Structures are given as structure tokens and as C-alpha cells.
Amino acid sequence: MSEDRILIAGGGIGGLATAIGLAQKGIKSLVLEKAPELGEIGAGIQLGPNAFHAFDYLGVGDAARSMAVYIDNLRLMDAISGDEITRIPLDDEFRARFKNPYAVVHRGDLHGVFLRACLEHDLVDLRTSAAVEDYEQDGSSVTAILHNGERVTGKALIGADGLWSNIRKRVVGDGAPRVSGHTTYRSVIPTEQMPEDLRWNAATLWAGPKCHIVHYPLSGWKVFNLVVTYHNDAAEPVAGLPVTNEEVARGFEHVNPIARQIIEKGKDWKLWVLCDREPVSNWIDGRVALLGDAAHPQLQYFAQGACMAMEDAVALAHLMGDNSTDIEKTLQTYQGMRTMRTARIQLQSREIGQHIYHPAGAHAELRNAIMRAKTPNDWYDNVEWLYGSTGLDGVVSPETLPR
């Protein structure tokens, strides 16, 4: 019966990860995606070891690993002086500590991993041009109401429909997202166009006053991902707007020429104004639950948005597999497992932007002194809470995951 399935609003990485996770537990799902085609907008994603914990749990570890570029270091550079502040090695010691590597991947490639897994599984149905506008529930089922008035019924509804989630409007009702005032510009360039002395096998951050630059290789070193952000007090949310090189350069005229040349190499820039929301403790309305950016949208500074969505998918699939009969209790358990961890990342992402990415003057000098004093093991201790977890603390540890 169609009512025996889980409805998932949103066919992004979080929604598809949830569908394949449920399928591995023998649970049917129907993914309802508003776009006419399934795909992802954007370029690079950084993947901490916790992302690989999720891949392994969801059964796509080999496929995800084949798409990734394994970088040697996280490098923090001073965008004013041009000097290195610190680097965190991602070598064998790091991998041994966290049971998995650190890598970068093209967002479209990663989405494709989950899409292929869903297409190959007979417990996953995918529908496009199917925006979920609202829902109704009666205590035993949920009916999703689509944009064209069609009604689709299942035993639960997972809102994985992103920052502007229609499901969140009903569950939380907290209005529009919070506009950060930070504007990000993205470009991808062929590796041969990247300045030769900056073709580092690293996720590199150039931190400057009210701005930063990030670059790393993607797609088997065929291209470099460029992400530059300027705190320009933008007042309105914007997503994917094409902009000129001159507009991008205006926010970085004060940085070191070594860093500025990266911007000069970029082309076909697109603009996003960064938004997030305040953490909330309730993601659940009966048989309806939020997941990923619909539940806990965050600024980019922790590089954990996709990772947290995949962890949500792991937690939900695991709990549904253990108890798919008492849906409301299971969703409450899922919420309890995820809210504190994701709230910490939402709030610390803001603080990292302020104190690591964008400080100036004495504030930046203090950052440099503190970060230069840390050893690799100090850094590993600092991120143990994040990278050493599967998102299922006390239930599944990294050591027990299939590889």
C-alpha cells in the first residue's frame, strides 16, 4: 500500500541519503523534488571523517571515495601578510585517530552517488516537478499537498526541502531565514589556470578583515574550486546570481597580491548571500520531521552543512529500522539525538566566521598567535567531538561501520 512508505520532501543530498538509508532497512520511500530534474547547484564540498562514517553506514562508501580528492593539509593563511598561520596535517596519524580521511568532492558528483544508489533500489521512488507546499495528518498517516493540488499519502513526512522549507513553515513557523550580511562568490577554474605556486593539495583558507578566500582541487585535479566571501552587510538573500569579476574584486582590494591573484583568475562568478537560522529544539510535528538545512541551516564556516544532513539521514534510518511502527516516538528520539550537536555547529559556525575567518588588527594578531601555538595533536583534540562521531553517539561507533 502507498501509505506504507515514507514521504521525503526534497531530492538534495540529505533527502536522497535518507531514502537510501531507509531502503537499506527495508523501508519504502517516495522522494518529492520540486525541480524538473534531480541535481545539485554549486561546486565543492569539504568532507570530514564524519562524512565518511555516514557514507559507510549508508552503503555508498566505495562510490563516494572514488569521487573524492584526498588533500594533505588544512592550511590557514594570513590574507594581509601572505604568511602561513598554521596547517593541520591530514596524514596517516589523522586517519588513524578519526578512522577515516578528510577530502573534498564536487557537490554534483556526491549527489550523483546517492542518486545512482536510489535509482538502483526498488524501495525508492523518485518524482520531480513535485513541490510539497503543505501537509495534513490524521494520527495514522500524513498527506503531502503538492503545488498542483495533488495529494500524496505516506506514514511519515520528512522535510528535507532546504533553507526555505515549506515543511518548516508548519513545524516551526519562524519566518524567513536570518541574513548574515556575508556575500559568497563561487567559481571553478581549470587547474592550469590556477597560479602554479598556489596549486596546493590542501583546503586553503586566506583569512582577512571582513573577507576570506578558499581554494582546493576538485574532480581528480582537473579544476580548482574558488570560494571568496566578503562581509558587505548585504541585506537581502540572493542565490546563484551571475556577477562580474570587477564586482568580486571590489571586496578584496585590501588583501595581499598573492591572495588577490586567485580572484583575478576566477571567471563566471556567481553570488550567494549567506543565511542561517537560530537553532530550535523542536523539529517534529506528529509524523512530520525536519532534516538537513530545513532543520538546522548554518553558515559555511564549519564546512559541515552536507555532513550534518547525511548524519541526520543515518540517525533517522537507524532509528526507523529499529522501530518503524511507532513513528511519532521514533521521530522524537531522532530529534533528541540530533538537536544539540547541530545547534553547536550552527552557533560555532558564526563564531568561527567572526574570530577565525574575518578578524582585523589586534583581533587577527591574537588569532594568529593562538593558532600558531597549537600542535597537530592539539587540533585533533579540538575536533574530536566532531570528526570522531557518527552522529549516533552511544549507538554506533566508527569502528563498527562496514568498509
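Only a predicted model underlies this, so the values are computations on that prediction, with no experimental measurement involved.
L347 places none of its side-chain heavy atoms less than 4.5 Å from the side chain of Q298. R186 is listed as a side-chain neighbour of T184, based on a closest heavy-atom distance under 4.5 Å. Under the 4.5 Å side-chain criterion, counting only non-hydrogen atoms from C-beta, P217 is in contact with N201. In this structure, Q335 and N282 have side chains that are in contact, with non-hydrogen atoms separated by less than 4.5 Å. Using a 4.5 Å heavy-atom threshold, the side chains of E278 and R178 count as touching. Side chains of V214 and Y216 form a contact here, defined as non-hydrogen atoms less than 4.5 Å apart. Taking 4.5 Å as the limit, some side-chain heavy atom of I27 sits within range of a side-chain heavy atom of I6. Contact of the K99 side chain with the N50 side chain is not registered, since no non-hydrogen atoms from C-beta on lie closer than 4.5 Å.
Within a 6.0 Å radius of NZ in K267, other residues, nucleotides and ligands contribute 12 heavy atoms or fewer. In E37, the CD atom is not crowded: 12 or fewer heavy atoms of neighbouring residues, nucleotides or ligands sit closer than 6.0 Å. Environment of NZ in K25: crowded, with over 12 heavy atoms of neighbouring residues, nucleotides or ligands closer than 6.0 Å. Remark: D92 CG is loosely packed, at most 12 non-hydrogen atoms of other residues, nucleotides or ligands lying under 6.0 Å away.
A distance-only check finds no donor-acceptor pair linking the side chain of S180 to the backbone of C275 [under 3.5 Å]. The backbone N or O of L163 lies less than 3.5 Å from a partner atom in the side chain of R277, making a donor-acceptor pair. With hydrogens and angles disregarded, a donor-acceptor distance shorter than 3.5 Å links the side chain of R287 to the backbone of K155. A donor-acceptor pair under 3.5 Å links the side-chain atoms of E33 to the main chain of G11, judged by distance alone. The backbone N or O of A313 sits nowhere less than 3.5 Å from a side-chain atom of T18 that would complete a donor-acceptor pair.
Atom CD1 of I85 is separated from atom CD1 of I370 by 11.5 Å, given to the nearest 0.5 angstrom. Taking CG from L291 and OH from Y334, the interatomic distance works out to 4.0 Å, rounded to the nearest 0.5 Å. In this structure, CD on Q348 lies 11.0 Å from NE2 on H355, to the nearest 0.5 angstrom. Atom-to-atom distance recorded for Q193:CD and S187:OG is 9.0 Å, nearest 0.5 angstrom.
Here H53 and F98 keep their ring centres 6.0 angstrom or further from each other. Between Y301 and H182, a ring centre-to-centre spacing shorter than 6.0 Å is recorded.
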- Task: Show your working on side-chain hydrogen bond (donor to acceptor under 3.5 Å, both in side chains) between R65 and N100 and close with a plain yes or no.
- Result: CA-CA 11 Å; R65 284 177 171 82; N100 261 313; 2.5 Å; yes
- Task: Apply the test side-chain hydrogen bond (donor to acceptor under 3.5 Å, both in side chains) to residues H296 and D312: give CA-CA distance (whole Å), side-chain angles for both, the deciding distance (0.1 Å), then the verdict.
- Result: CA-CA 10 Å; H296 44 74; D312 290 349; 2.6 Å; yes
- May I have the step-by-step check of side-chain hydrogen bond (donor to acceptor under 3.5 Å, both in side chains) for Q300 and T229, ending in yes or no? CA-CA 10 Å; Q300 66 188 21; T229 299; 2.9 Å; yes
- Item | Worked check of side-chain hydrogen bond (donor to acceptor under 3.5 Å, both in side chains) between T183 and N232 | CA-CA 7 Å; T183 298; N232 60 352; 2.8 Å; yes
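A cation-pi arrangement is found for R170 relative to Y135, the charged atom lying closer than 6.0 Å to the ring centre and inside a 45° cone about the ring normal. Annotation: cation-pi pair R338/W283 absent, no NZ/CZ under 6.0 Å from the ring centroid and within 45° of its normal. A cation-pi arrangement is not found for R260 relative to W206, the charged atom failing to lie both closer than 6.0 Å to the ring centre and inside a 45° cone about the ring normal.
Taking the side chain to side chain contact (heavy atoms under 4.5 Å, CB included) definition, one finds that R151 meets it with E136, T143, I145, sequence neighbours left out. In this structure, the side chain to side chain contact (heavy atoms under 4.5 Å, CB included) partners of P89, at least two apart in sequence or on a different chain, are N73, D91, P376, Y380.
By the 30° and 60° cut-offs, the orientation of the rings of H212 relative to Y357 is perpendicular. W200 and H215 have tilted rings, their planes meeting at an angle from 30° to 60° on a 0 to 90° scale.
With respect to D161 and K34, no salt bridge is recorded, no charged nitrogen being found less than 4.0 Å from a carboxylate O. Salt bridge annotation for R372-D78: absent, with no cationic side-chain nitrogen under 4.0 angstrom from a carboxylate oxygen. Comment: D4 does not engage K28 in a salt bridge, judged by the lack of any side-chain N to carboxylate O separation of less than 4.0 angstrom.
Under the side chain to side chain contact (heavy atoms under 4.5 Å, CB included) rule, V171 has a single partner from L157, I284, V280, V288, which is V288.
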